[in-house]
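Below: the structure, in structure tokens.
This chain uses plain numbering: 1 for the first residue, then up along the sequence.
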Amino acid sequence: THYARELIPVIREAKRRVNLPFVWNSGGYDGVDTIRKLDGLIDVYMPDLKYFSDELAKKYSSAPDYREHAESAILEMFRQVGKPVFDQNGIIKKGVIVRHLLLPKHIEESKEIIKYLYDTYNDDIFISIMNQYTPMPQVADHSILKNKVTDNEYDDLVDYAVDIGVENGFVQEGETAMESFIPPFNNEGV
């Protein structure tokens, strides 16, 4: 999102040339003014909703106002694109897919996020419940973040989503919490 100003003219030109849905992938910590500038350019928004509590957002991301920004941004995204629309092949053409990464030992926080999203949008958005949190060496001494999400934690969250009525959602299966899924961030091969 921090490149939005530079990307807007590029997206406009690309939309003139190709007939494909444009997807905006976001960490969720977006200014509503920035998202408004994308109105009519983006077909599918894919923001994260990482935290429900300001305390956790401050502790893990130094962003105590994360939830306020993310909720406002997601509301604006939904205002722009509305309910999901799919083509005849099941490919999304318009809509919002909110991703939530379950953190180890934070199941109640995640349940609050799922409940908020479902209470606010019902099945007018998709919720992607992710389990691939991967502890990195720099958190090896952290009492919570050094752990992977357990199968029981993830199953509990997915069961909760189903129990409250979520139908439009994505879940992950198999072993996804592996360092092989993380890019090296060393500018090689880019």
Side-chain angles (χ1 to χ4, degrees), residues 1-52 57 61 63 65-103 110 112-134 154 157-158 160-162 164-174 176 181-183 190:
T1 303
H2 56 286
Y3 292 113
R5 188 178 68 209
E6 292 82 7
L7 288 172
I8 287 171
V10 174
I11 295 169
R12 280 195 182 111
E13 180 62 21
K15 284 186 87 71
R16 258 185 2 87
R17 295 176 184 223
V18 298
N19 184 23
L20 294 171
F22 279 71
V23 178
W24 192 262
N25 180 3
S26 160
Y29 193 57
D30 301 310
V32 171
D33 289 341
T34 300
I35 301 302
R36 282 189 188 122
K37 291 175 184 169
L38 299 169
D39 196 356
L41 296 175
I42 304 303
D43 303 296
V44 179
Y45 282 101
M46 204 164 61
D48 293 336
L49 186 52
K50 298 174 191 255
Y51 310 107
F52 196 76
S61 294
D65 57 352
Y66 174 88
R67 180 175 157 208
E68 173 188 339
H69 281 277
E71 287 180 1
S72 297
I74 293 167
L75 185 62
E76 174 60 19
M77 293 170 185
F78 181 76
R79 183 199 67 76
Q80 289 178 24
V81 298
K83 295 179 181 183
V85 175
F86 295 86
D87 70 10
Q88 66 278 8
N89 298 314
I91 305 295
I92 192 166
K93 293 296 195 181
K94 274 193 166 304
V96 177
I97 302 168
V98 179
R99 299 170 304 186
H100 174 65
L101 176 63
L102 173 60
L103 294 175
S110 291
E112 288 186 80
I113 289 169
I114 301 302
K115 182 166 179 20
Y116 161 76
L117 289 170
Y118 189 66
D119 286 351
T120 305
Y121 299 99
N122 202 277
D123 281 314
D124 292 340
I125 65 167
F126 275 76
I127 302 171
S128 177
I129 305 173
M130 303 182 303
N131 68 350
Q132 80 251 23
Y133 172 77
T134 304
Y154 188 68
L157 184 58
V158 171
Y160 174 78
V162 170
I164 66 170
V166 174
E167 291 185 16
N168 288 346
F170 299 104
V171 296
Q172 294 178 317
E173 295 181 10
T176 57
F181 284 88
I182 299 172
V190 180

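In plain terms, the two heavy atoms of Pro84 and Phe126 that are nearest each other are CG-CE1, 3.6 Å. Closest of all the heavy-atom pairs between Met130 and Arg99 is CE-CB, 3.7 Å.
For the side chain to side chain contact (heavy atoms under 4.5 Å, CB included) with Val158, the lone residue among Val166, Ile114, Asn131, Val171 that qualifies is Val171.
Taken from CG in Leu75 to CD1 in Ile35, the straight-line distance is 11.5 Å, to the nearest 0.5 Å. Distance check: Ile8 CD1 to Leu38 CG gives 5.0 Å after rounding to the nearest 0.5 Å. How far OG of Ser128 is from CD1 of Ile97: 7.5 Å, rounded to the nearest 0.5 Å. The line from CG of Leu103 to OH of Tyr133 is 7.0 Å long, rounded to the nearest 0.5 Å. For the atom pair Tyr29 OH and Thr1 OG1, the distance stands at 12.0 Å (nearest 0.5 Å).
Taking the side chain as every heavy atom from C-beta outward, Tyr121 and Val98 never approach each other to under 4.5 Å. Here the side chains of Tyr51 and Arg67 are not in contact, with every heavy-atom distance at 4.5 Å or above. Put simply, the side chain of Glu71 reaches to within 4.5 Å of the side chain of Tyr116, judged on heavy atoms. Within the 4.5 Å cutoff, the side chain of Val96 has heavy atoms near those of the Pro47 side chain. Proximity of Asp30 to Met77: side-chain heavy atoms (C-beta onward) are separated by under 4.5 Å at one or more points. Contact check for Phe78 versus Thr120: no side-chain heavy atoms found under the 4.5 Å cut-off.
Remark: Arg36 engages Asp33 in a salt bridge, criterion side-chain N to carboxylate O under 4.0 Å. Contact check on Glu13 versus Arg16 returns a salt bridge, with a Lys/Arg side-chain nitrogen under 4.0 Å from an Asp/Glu carboxylate oxygen.
Asp43 places a side-chain N or O within 3.5 Å of a backbone atom of Phe22 that can act as its donor or acceptor partner. No side-chain donor-acceptor contact under 3.5 Å links Asp39 to the backbone of Gln80. With Asp48 contributing its side chain and Gly28 its backbone, the two residues share no donor-acceptor pair below 3.5 Å. Side-chain atoms of Tyr66 come within 3.5 Å of backbone atoms of Lys50 as a donor-acceptor pair (strictly under, hydrogens ignored). A donor-acceptor pair under 3.5 Å is formed between the side chain of His100 and the backbone N or O of Leu49. Judged by distance alone, with hydrogens and angles left aside, the side-chain atoms of Lys15 form a donor-acceptor pair with the main-chain N or O of Leu41 at under 3.5 Å.
Annotation for Lys94: atom NZ counts as buried by contact number, over 12 foreign heavy atoms lying within 6.0 Å. Within 6.0 Å of CG on Asn89 lie more than 12 heavy atoms contributed by other residues, nucleotides or ligands. Heavy-atom neighbours of Lys83 NZ from other residues, nucleotides or ligands within 6.0 Å: at or below the threshold of 12.
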Would you check, one step at a time, whether the test side-chain contact (heavy atoms from CB on, under 4.5 Å) holds for Tyr118 with Ile125? CA-CA 9 Å; Tyr118 189 66; Ile125 65 167; over 6 Å; no
Pair Ile129, Tyr154 - check side-chain contact (heavy atoms from CB on, under 4.5 Å), show working. CA-CA 9 Å; Ile129 305 173; Tyr154 188 68; 3.6 Å; yes
Test Tyr45 against Ile74 for side-chain contact (heavy atoms from CB on, under 4.5 Å), laying out the working first. CA-CA 8 Å; Tyr45 282 101; Ile74 293 167; over 6 Å; no
